[in-house]
Amino acid sequence: MSQGIYSALTFLEDQIMSIEPKTDTHHGFVCHSRANGAVSSLDQRFNSTRYFQLSVVSLPEDDGAAGLSGRRRTTIDCEVRYDIPQNDHLYLQRLVSEDADYILEKLKGPNYDLATTGILSVIPQTPSFESIDIDDALGMLLTIPFTLLYLES
């Protein structure tokens, strides 16, 4: 039985990759960085619609009563990269809105495998998106922050 942040994030990555988009079905969700080797930065990738990564924003802290449990709490960002097709910002806004909803539903569970991942709960926060401009290539970065409650054993 392997519980902890590594197995919890791997499980959540698999859940997001299983999403079948309703719009632009040719680009599925691809985990860009799975913590198993160096890769280029997500915001430096071209033609990378729906490439995503889960980034640890705050280090885990004890979430148990008087520090007696193995329960941990940490903040994670789910970041998804989109290229802007033909500078059609309205199309991209609608695509990103659909995807944010799908990701929120996947993160909320409740089909966590407690025995192998240790996930107790995922508490999503408000998504946001911003423009990114790299070498005259326009893109958008969707960020969905969430709090991860898990067991470390």
Side-chain angles (χ1 to χ4, degrees), residues 1-24 27-84 92-134 139-153:
M1 176 168 82
S2 174
Q3 294 178 337
I5 193 163
Y6 197 97
S7 56
L9 292 178
T10 299
F11 178 81
L12 292 174
E13 289 166 349
D14 291 341
Q15 290 297 300
I16 294 170
M17 285 192 295
S18 73
I19 295 172
E20 294 183 22
K22 183 167 51 171
T23 303
D24 190 12
H27 294 100
F29 288 90
V30 176
C31 188
H32 171 64
S33 179
R34 297 203 78 176
N36 55 4
V39 295
S40 61
S41 171
L42 183 64
D43 62 358
Q44 296 293 320
R45 298 211 30 113
F46 300 100
N47 301 313
S48 299
T49 294
R50 290 194 177 108
Y51 275 48
F52 75 95
Q53 65 188 18
L54 298 181
S55 303
V56 177
V57 175
S58 66
L59 293 176
E61 59 184 76
D62 188 76
D63 195 53
L68 300 176
S69 75
R71 182 171 153 159
R72 303 288 186 263
R73 172 185 295 265
T74 188
T75 303
I76 308 293
D77 275 352
C78 175
E79 300 167 316
V80 186
R81 161 75 192 245
Y82 295 87
D83 285 336
I84 299 177
L92 189 62
Q93 287 175 357
R94 293 175 187 184
L95 178 78
V96 169
S97 295
E98 279 182 356
D99 288 355
D101 185 53
Y102 286 138
I103 292 170
L104 287 170
E105 288 303 312
K106 281 292 185 177
L107 290 175
K108 289 192 307 185
N111 57 342
Y112 311 127
D113 189 355
L114 180 63
T116 59
T117 67
I119 296 175
L120 295 167
S121 182
V122 172
I123 306 164
Q125 298 162 14
T126 304
S128 64
F129 65 96
E130 62 182 310
S131 296
I132 51 178
D133 183 7
I134 304 146
M140 298 290 279
L141 192 63
L142 166 65
T143 302
I144 302 175
F146 61 93
T147 302
L148 174 64
L149 302 175
Y150 67 98
L151 295 176
E152 186 69 57
S153 64

_Working for side-chain contact (heavy atoms from CB on, under 4.5 Å), residues Ile103 and Asp101_ = CA-CA 6 Å; Ile103 292 170; Asp101 185 53; over 6 Å; no
In terms of side-chain heavy atoms, does [X] have a donor or acceptor partner in [Y] at a distance below 3.5 Å?
| X | Y | answer |
| --- | --- | --- |
| Asp63 | Tyr150 | no |
| Glu98 | Thr23 | yes |
| Gln3 | Thr117 | no |
| Ser55 | Glu79 | yes |

_Derivation and outcome, side-chain contact (heavy atoms from CB on, under 4.5 Å), residues Leu141 and Phe129_ = CA-CA 5 Å; Leu141 192 63; Phe129 65 96; over 6 Å; no
_Tell me which one of Ile5, Leu149, Thr147, Leu9 satisfies side-chain contact (heavy atoms from CB on, under 4.5 Å) with Thr74._
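Exactly one pass, corresponding to Ile5.
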Value rounded to 0.5 Å, distance of [atom1] in [X] from [atom2] in [Y]:
| X | Y | atom1 | atom2 | value |
| --- | --- | --- | --- | --- |
| Glu130 | Leu142 | CD | CG | 10.0 Å |
| Gln125 | Ile76 | CD | CD1 | 10.5 Å |
| Ser7 | Glu152 | OG | CD | 7.5 Å |
| Ile16 | Asp99 | CD1 | CG | 11.0 Å |
| Arg72 | Leu120 | CZ | CG | 11.5 Å |
| Ile19 | Tyr102 | CD1 | OH | 9.0 Å |

*Are the side chains of Lys22 and Leu95 in touch, meaning some heavy atoms are under 4.5 Å apart?*
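In short, these two side chains do not touch, never coming nearer than 4.5 Å.
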_Contact between Ile123 and Phe146 at the side-chain level, heavy atoms closer than 4.5 Å - yes or no?_
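Of all side-chain heavy-atom pairs linking Phe146 with Ile123, none is under 4.5 Å.
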_Pairing residues for Val30 by the side-chain contact (heavy atoms from CB on, under 4.5 Å) criterion, not counting sequence neighbours_ =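 side-chain contact (heavy atoms from CB on, under 4.5 Å) check on Val30 returns Tyr51.
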*Partner set under side-chain contact (heavy atoms from CB on, under 4.5 Å) for Ser97, not counting sequence neighbours*: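 In terms of side-chain contact (heavy atoms from CB on, under 4.5 Å), with neighbours along the sequence ignored, Ser97 is linked to no residue.
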*Applying salt bridge (Lys or Arg N to Asp or Glu O under 4.0 Å), name anything that partners Lys108, two or more places apart in sequence or on another chain.*
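Residues passing salt bridge (Lys or Arg N to Asp or Glu O under 4.0 Å) with Lys108: Glu105.
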*Would you please test Gln15 and Asn111 for side-chain contact (heavy atoms from CB on, under 4.5 Å) and show each step?*
CA-CA 10 Å; Gln15 290 297 300; Asn111 57 342; 3.5 Å; yes
*Decide yes or no on side-chain contact (heavy atoms from CB on, under 4.5 Å) for Leu12 and Leu54, but give the supporting numbers first.*
CA-CA 9 Å; Leu12 292 174; Leu54 298 181; 3.9 Å; yes
_Quick check: closest heavy atoms across Pro21 and His27, and the distance to 0.1 Å?_
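It is CG-O, 3.7 Å.
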*Grab the two heavy atoms, one from Thr10 and one from Tyr6, that are nearest each other, plus how far apart they are.*
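Heavy atoms of Thr10 and Tyr6 come nearest at OG1-O, 2.9 Å.
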*Test item: Ser58 side-chain N/O and Thr75 main-chain N/O as donor-acceptor pair under 3.5 Å*: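 It does hold such a pair.
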*Is Arg71 salt-bridged to Asp62, cutoff N-O under 4.0 Å?*
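Answer for the salt bridge query: no.
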